[in-house]
Structure formats: structure tokens, C-alpha cells
A.B. asks: 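After the C-alpha cells below, expect a handful of questions from me.
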Number of protein chains: 2
Amino acid sequence: MGIELRHLAAFVAVAESLHFRRAAERLHVAQPALSRTIAQLEARLGARLVERSTRNVRLTEAGRVLLPEARATLAAADRAVHRTRAVSEGTVGHLSVTYMDFAINGPLPAILARFRATHPDVEITLRHLWTERQREAVLAGEVDIGFLIGPFDAPGVRSVVVRRERLCVVLPAAHRLAAAERVPLGHLRDEPFVLGNLEAWAPFRRLVDDACRAVGFTPRVVQEAYNSDGIFGLVAAGLGVTVYVDGGARRYRPADVVVRPLADVGVEVATTAAWRADNRSPVLARFVEALSAD
Amino acid sequence: MGIELRHLAAFVAVAESLHFRRAAERLHVAQPALSRTIAQLEARLGARLVERSTRNVRLTEAGRVLLPEARATLAAADRAVHRTRAVSEGTVGHLSVTYMDFAINGPLPAILARFRATHPDVEITLRHLWTERQREAVLAGEVDIGFLIGPFDAPGVRSVVVRRERLCVVLPAAHRLAAAERVPLGHLRDEPFVLGNLEAWAPFRRLVDDACRAVGFTPRVVQEAYNSDGIFGLVAAGLGVTVYVDGGARRYRPADVVVRPLADVGVEVATTAAWRADNRSPVLARFVEALSAD
DNA sequence: GCAGCTCGATGCCCATGAGGCATCAATCTA
DNA sequence: TAGATTGATGCCTCATGGGCATCGAGCTGC
């Protein structure tokens, strides 16, 4: 008993071609059906829209008013359909991502570039956060996906390892061990260490501590920094040595630090992407697909 | 096979109440019908819109995007319907009106006031035009309705007389005939006349000439003016006398002119509204109704 | 000037599908 | 655990959208 989009579409077709048969073709219906649709629209509006004889079809004043309104309504419907589809397919929408240093110095830039290439209309919010704060944020649903030091095993949380890296040692260029091809961790026993501060770098600090303890010493930390730039700067300044991840360290190559693999350490750092299993965001689903697609 | 307004209306009802049974009541349909309409909308969009269990109904991300779009589409449709109806009923629209001096000094202001009171949303364009130019404009369809000196008998033109007025004489206050209750036209035989110029006032000039010739003289025109203000001003200045219409002259009452009925002239001036019979403007139809309603 | 088109409208018919009622399974409450 | 309430589903009916054939009106061309 009401106006429907099919009425408006029929009217626009008639108004634009001013010819029932051709308008009917355009709508892929037979001409009698169109005649009736227009008649029905007129009846429901209580207004004559089209002045028609067998030789002449033209709009009434009411028809001229309806035409732009009908077009606008159809356009609004079209927009509604397309935007909804886009969001549901994850080609449009929003994704909030957090990361820590190893991720941004490692696999994350390539992942983001790849995703943005296939999903240019997804708005991505990036925020730097330490691993432990990321775990809280992911669990609380404050963030769609976090790139952190794994593993992250918690009920309702899914994760994939995006990169495994071995540890390496970073030395001032002038260091006595800089000449060695590979450095056994035990040789760092008496070295002064520069490491990330405990609060932000806790999981990595535990990992380094464990590795050192396995070869019989506890690292003597003489300087802490809040981020990788700080750590590498302090090492370059000759304040101490540090242990970092293999791939990430390669990005830092000022002439005055030297990166060497550790000879005897099997420990790997797993840069891990983690998200809530019940997060139904279609964009997240596409992002996760993209993660494992390569 | 397409989305219809009923789908959007159903979705908005569900999204707003987050409860199928109550939404169904609001839409005056049974709950199963609504469930199916929503399912159908989801199928046609290829997108899940509502996350629903028997205990919980909430929107998906796609649903949250669709909601405002659907509302906007329904509002656009509503607006289209209402504007079209209003125009077709003549309660909204446009009317172009022309008039000459006798109309605007006579019946037209009251007619316009009455019409505007009942049709406040009709936009009226008023333009001053001499009778003969109005005839052309009405015939050419440049104007919806003209108020002119009748009669106006032409094929395809309809007209009604909105006022008939007798002629009167307008004299300088100090004139020797000012004392008379009524003035016979013949007494003006030797008077200098002020009249409207021939181009603009042709029909009235013909009328005055005919009346004078009927009592045996031709008016000696010493001064012409383009409009009524000019004519009355020149008479007030003592340059001559004039003949005008009865009702219209009553509006002009500076202390220095005197209006007197003509004793022996039966001629009446018919202020006439004229429009094209094939003008389908609903506003015009309502305006014409209002003309004859009173 | 008439035959033959082309136009939109109409009659008739059928298939689709919207919507109602009864009922189901799941879930929460008392 | 019984009962109430939720949205989904099966089944049925009837309204209606749409197709084909055809009509009357009006233009065109021989």
C-alpha cells in the first residue's frame, strides 16, 4: 500500500526517456507492466505525474518536482546498499592496530603496505604500545589487533606468529668483539649492558635474562632506554652492548654499531599478531586473511 | 530481486527497538514476516546486519553503517511523497501574476491577501504590465494569470471579471466643477485632459474616447503620464482633469484632488483575470477557485 | 484518404512472494 | 525442572507484479 523504490525507478525511467516502451526496455520489463506501475504510483501519491497521450508523454508540474526527489531517493538507497556491502566485505571500515618496536622494525611495515594496497578504503589507526599493555588492550577490546612479543595464550584470543627471529648482539664499532664473525653469549658475561627499561620491555628482558642465565651469568645493566633508538644510540656512544632481534637490528646501521649473531643461543623471539576471537569486524577478518596469505 | 523501502523500514524498526516482536508491532505485521524480511534484506545485501539469538538482538558493524543510510533513504522517499502531493494539490508551488493600475488599486490586494492566507507556501511573483502586454504574456504562457482591462476573448483563454467599475472624474480641488455632486461628462468638453500615455493605457484611452465621443467631443489631452500616481499628481498640480475608475480613484485622496461620479455615463470598466485554458498548474487552479469563491 | 505503423492502456492469466498462523528450538526465570 | 519468551521455520493463502494479446487513438506515407 506504499510507495516503493520500484515505483520511483519506473518514474525516473519514464521521466528521462519520455517514452514508455523505451523506458520499459531500460527497466527490463514489458511496457504494460510499466504503464501500470506509473498508474499505481500516481494513485498512491494522489497526483498526476505524467501527461500522456499516444503521441506525447510529458511531465506535469508535480512530476517535475518528483523527478529530482526520486533520483535522490534512489541514490540514497544505492549508497546505503554499497556502503553496507563494502563494510560487510571489509573493504571499507576501520582497524585499530598496536605494535611494539620489533614489529615496526620488522614485519609490520610490509604487512600494512600489502593490506593497504588491496584495501585502500580501510582507515587504519596505528599506536605504539609495549607488549604487556597490548595484551590488556586486546583483551579489553580497545584494539582490533596487536603486534607483540608472543606467545599470547589466553581464552578467547587468537594469534599467529608473523616472524621468528634469533637474538643477536649489538656492539660499539670499536668493541674488542666486533671483529668476530659470531659471538658466544658467554663472552658478554662481564660486559656492561644497555637494555630496554623493565616496565616497557619486560617480556624481552625476561627472555634475555633467561638466555644469559642459561650460560651462567646475569647481565649487568648499566643503562636503560625506552625505545630501540635509545638503546642503539647508547650502544653507539660506547656505554655498553645490547642484545636485540636479528632482523630488527639490521635496520639500525649507523657506521658506529656492529651487529653480530649469537653463536650459541637457540632462543627465538616470536613477533605475534593477536586479536579477540569474538571480534566480528569484517575488516579484521580481511586483515587476518592477509596476514596468513603470505 | 532488489532492495525495497519495506526492507529498509523493517530494518530501521528492528535496529531501533532491537526486538523483533516489538518492531513487528510497530510495523503492523506479524513477527515471522519481519524475521523473513530482515533475512531477505541480509541475503540481498550479502551482509549480516543483525546478530540475533533468542535472548539478544544487536547490530553488526554493517548494520550500524546501514542504519543512518536507511533512515536517510526513507526520509528522502517521505520528502519526495510529501512535496509531490503538495505541488499537485497546489498548496506549494509558484504562480506568476501580472496586473495593471486598476487591478492593484482595486480588487487585487484583497484577492492576494485571501489566497496567501489559505496557501502560505505558494510563491507569487507579481509584475506590473499594461493590459496589451499582459494579453501577449498570457497567450505566450509567460505568465500564469493577468489582471487586465477586459474583455479578453481569445481561443484557449479563460477569464473572469473580478470587478466592474463606473467612470468618475478627478478634478483639482479648486476646480469650478468641484462643488457639483455629480458631473455630466459633456461639461468637460473644453477642459484640458491629463490621461495615461497611449502606449500603456490604450484600452482605457479607447474607452474614454468612446465615452466622450458619445456626448459629442474629443478630449483635448494636454499631458500624458505613465502611471496613476503621475496622472493624479498632474491633476493635483492643476494641469487638467482626468477620468478614472470609480473604486480605484478612491484610494487617491490627497486633499488637493476631488473625485466626482459622472452623471450620464453608463460605461463600465471590467477588471478581468485571464489565463490559458491549457495551463495545468495546480496552483493556478486553486487561485482561480479562490477568485470565484468570493 | 485510407492502410498501416506506433503509441500507451486494458483484459486476462499465471507465478511469485508477502504475510498470517501454528509451531519449534533455544534460552532465561521462578 | 516447568514455564515463559525469544527469533526461526513450515505451511498455507491470497494479493499482486508482470507477461501476452489486444484495443483505441493518432500520426505517416502511398
A.B. asks: One character per nucleotide, please: for nucleotides 2-11 of chain D, 5' to 3', B when the base has a protein heavy atom closer than 4.0 Å, S when only the sugar-phosphate does, - otherwise.
C.D. replies: ---BBBBBBB

A.B. asks: Between A:Ile38 (CD1) and C:dA9 (P), how many Å, whole number?
C.D. replies: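 Checked: the CD1 to P distance equals 9 Å.
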
A.B. asks: Suppose we screen for side-chain hydrogen bond (donor to acceptor under 3.5 Å, both in side chains). Which residues come up paired with B:Glu4, at least two apart in sequence or across chains?
C.D. replies: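 So B:Glu4 forms no side-chain hydrogen bond (donor to acceptor under 3.5 Å, both in side chains) with any residue.
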
A.B. asks: Show, in sequence, the C-alpha distance, side-chain angles and deciding distance for A:Gln31 and A:Ser35, and conclude whether the side chain to side chain donor-acceptor pair (under 3.5 Å) test is met.
C.D. replies: CA-CA 6 Å; A:Gln31 170 265 315; A:Ser35 278; 3.1 Å; yes

A.B. asks: Does a side-chain N-to-carboxylate-O contact under 4.0 Å join B:Arg71 and B:Glu16?
C.D. replies: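 Salt bridge: yes.
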
A.B. asks: Taking CD from A:Glu51 and P from D:dG26, how many angstroms apart are they, rounded to a whole number?
C.D. replies: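 After rounding, the gap between these two atoms is 14 Å.
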
A.B. asks: From CD of B:Glu4 over to C1' of C:dG19, roughly how many Å is that when rounded to an integer?
C.D. replies: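 About 16 Å, once rounded to whole Å.
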
A.B. asks: In plain terms, say whether B:Glu289 and B:Arg286 are close enough for a salt bridge, that is, a side-chain N and a carboxylate O under 4.0 Å apart.
C.D. replies: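 Looking at B:Glu289 and B:Arg286, the cut-off is met.
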
A.B. asks: To the nearest 10 degrees, how far apart in direction are the end axes of the helix from C:dG1-D:dC30 to C:dA30-D:dT1, each fit to five base pairs?
C.D. replies: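 Roughly 20° between the end axes, to the nearest 10°.
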
A.B. asks: For A:His7, check side-chain hydrogen bond (donor to acceptor under 3.5 Å, both in side chains) against everything at least two apart and list the hits.
C.D. replies: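 For A:His7 the side-chain hydrogen bond (donor to acceptor under 3.5 Å, both in side chains) partners, ignoring immediate neighbours, are A:Gln40.
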
A.B. asks: For B:Arg48, look at atom CZ and say whether over 12 heavy atoms of other residues, nucleotides or ligands are found less than 6.0 Å away.
C.D. replies: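 Yes, because the 6.0 Å sphere around CZ of B:Arg48 holds more than 12 heavy atoms from other groups.
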
A.B. asks: Identify, with sequence neighbours excluded, every residue that meets side-chain contact (heavy atoms from CB on, under 4.5 Å) alongside A:Ser159.
C.D. replies: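 If we apply the side-chain contact (heavy atoms from CB on, under 4.5 Å) test to A:Ser159, skipping adjacent residues, the hits are A:Thr272, A:Ala274.
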
A.B. asks: Rounded to the Å, how far apart are B:Leu27 CG and C:dG20 P?
C.D. replies: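 Roughly 11 Å, once rounded to whole Å.
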
A.B. asks: Would you mind checking if A:Glu25 and A:Arg22 are paired as a salt bridge, meaning a charged N to carboxylate O distance below 4.0 Å?
C.D. replies: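 A salt bridge is absent here (no side-chain N lies under 4.0 Å from a carboxylate O).
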
A.B. asks: Separation of B:Arg6 atom CZ from D:dA15 atom P, in whole Å?
C.D. replies: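 About 17 Å, once rounded to whole Å.
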
A.B. asks: Excluding sequence neighbours, so at least two apart, what forms ring pair (Phe, Tyr, Trp, His ring centres under 6.0 Å) with B:Trp275?
C.D. replies: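 By the ring pair (Phe, Tyr, Trp, His ring centres under 6.0 Å) rule, B:Trp275 matches no residue at all.
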
A.B. asks: Quick one: A:Gln40 CD to C:dA9 C1', roughly how many Å, whole number?
C.D. replies: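 My rounded result for the distance is 15 Å.
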
A.B. asks: Could you state the NE2-P distance from A:His7 to D:dT16, rounded to the nearest angstrom?
C.D. replies: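 My rounded result for the distance is 11 Å.
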
A.B. asks: Using whole Å, what does the distance between atom C1' of nucleotide C:dG20 and atom CD of B:Glu25 come to?
C.D. replies: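 Rounded to the whole Å, the gap is 15 Å.
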
